[in-house]
Amino acid sequence: MAASKRKDSDNKTTDSKRVVYSEFGNVDNSAALQRGVPEVAPNQQNLKVEASRKGRGGKTVTVISGFQGKPEILADLAKQLKAQCGTGGTVKDNEIEIQGEHKQKIAEILKKLGYKAKISGG
């Protein structure tokens, strides 16, 4: 009777990526599962440029929101804006945050790049 009672750990293999069933033979479906982001031209995007201090310990950052496009394009745009303003910044939640208050300068840069940019807030 002891021989018929096996532990589950004896039957497990060391390979954790074991495929039990695959209809088409392609195990890696990561490209098919990614959401498609529509490619929107810069002149069709309405960006909002505003200065914000909320949740940042009193430090001012310029937030650019309303961007529609691929994350790679957004990261490149953020890099270009940081270089033009001479400050740091980041990309969070499909928004660009640039350290300091640079609303006018960023709005001018975005308009030169072909984006529709409006300054929001007082």
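If you read the sequence from its start, that first residue is 1, and numbering goes on from there. Small disclaimer: the values here were computed from a predicted structure and weren't measured.
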J.: What's the separation between atom NZ in K48 and atom NZ in K118, rounded to the nearest 0.5 Å?
T.: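 If we round to the nearest 0.5 Å, K48:NZ and K118:NZ are 11.5 Å apart.
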
J.: Does any part of the side chain of K103, heavy atoms only, come nearer than 4.5 Å to the side chain of E101, both counted from C-beta?
T.: yes

J.: Tell me, which pairs form a salt bridge (Lys or Arg N to Asp or Glu O under 4.0 Å) where one or both residues lie in residues 81-94, sequence neighbours left out?
T.: none

J.: Looking at every heavy atom in both K116 and N46, which two are closest together, and how far apart are they?
T.: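 Nearest heavy atoms, K116 then N46: CD-OD1, 3.2 Å.
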
J.: Check salt bridge (charged side-chain N to carboxylate O under 4.0 Å, His left out) between R56 and all other residues, then give those that pass, not counting sequence neighbours.
T.: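 Applying salt bridge (charged side-chain N to carboxylate O under 4.0 Å, His left out) to R56 gives E97.
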
J.: What pair of heavy atoms forms the shortest contact from G100 to T62, and how long is it?
T.: O-OG1, 2.7 Å

J.: Set out, in order, the CA-CA distance, both residues' side-chain angles and the distance that settles side-chain contact (heavy atoms from CB on, under 4.5 Å) for Q104 and H102, then state yes or no.
T.: CA-CA 6 Å; Q104 295 290 334; H102 302 282; over 6 Å; no

J.: If you take all heavy atoms of E95 and S65, which pair is closest and at what distance?
T.: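 Taking E95 first and S65 second, the nearest heavy atoms are OE2-CB, 3.5 Å.
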
J.: Linking Ile, Leu, Val, Met, Phe, Trp and Tyr through side-chain heavy atoms less than 4.5 Å apart, which residues share a cluster with F67?
T.: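 Under the 4.5 Å side-chain rule, F67 groups with L47, V49, I64, I73, L74, L77, L81, V91, I96, I98, I106, I109, L110, L113, Y115.
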
J.: Hey, what do you get for OG1 (T90) to CD (Q99), rounding to the nearest 0.5 Å?
T.: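 Going from OG1 on T90 over to CD on Q99, the span is 9.0 Å.
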
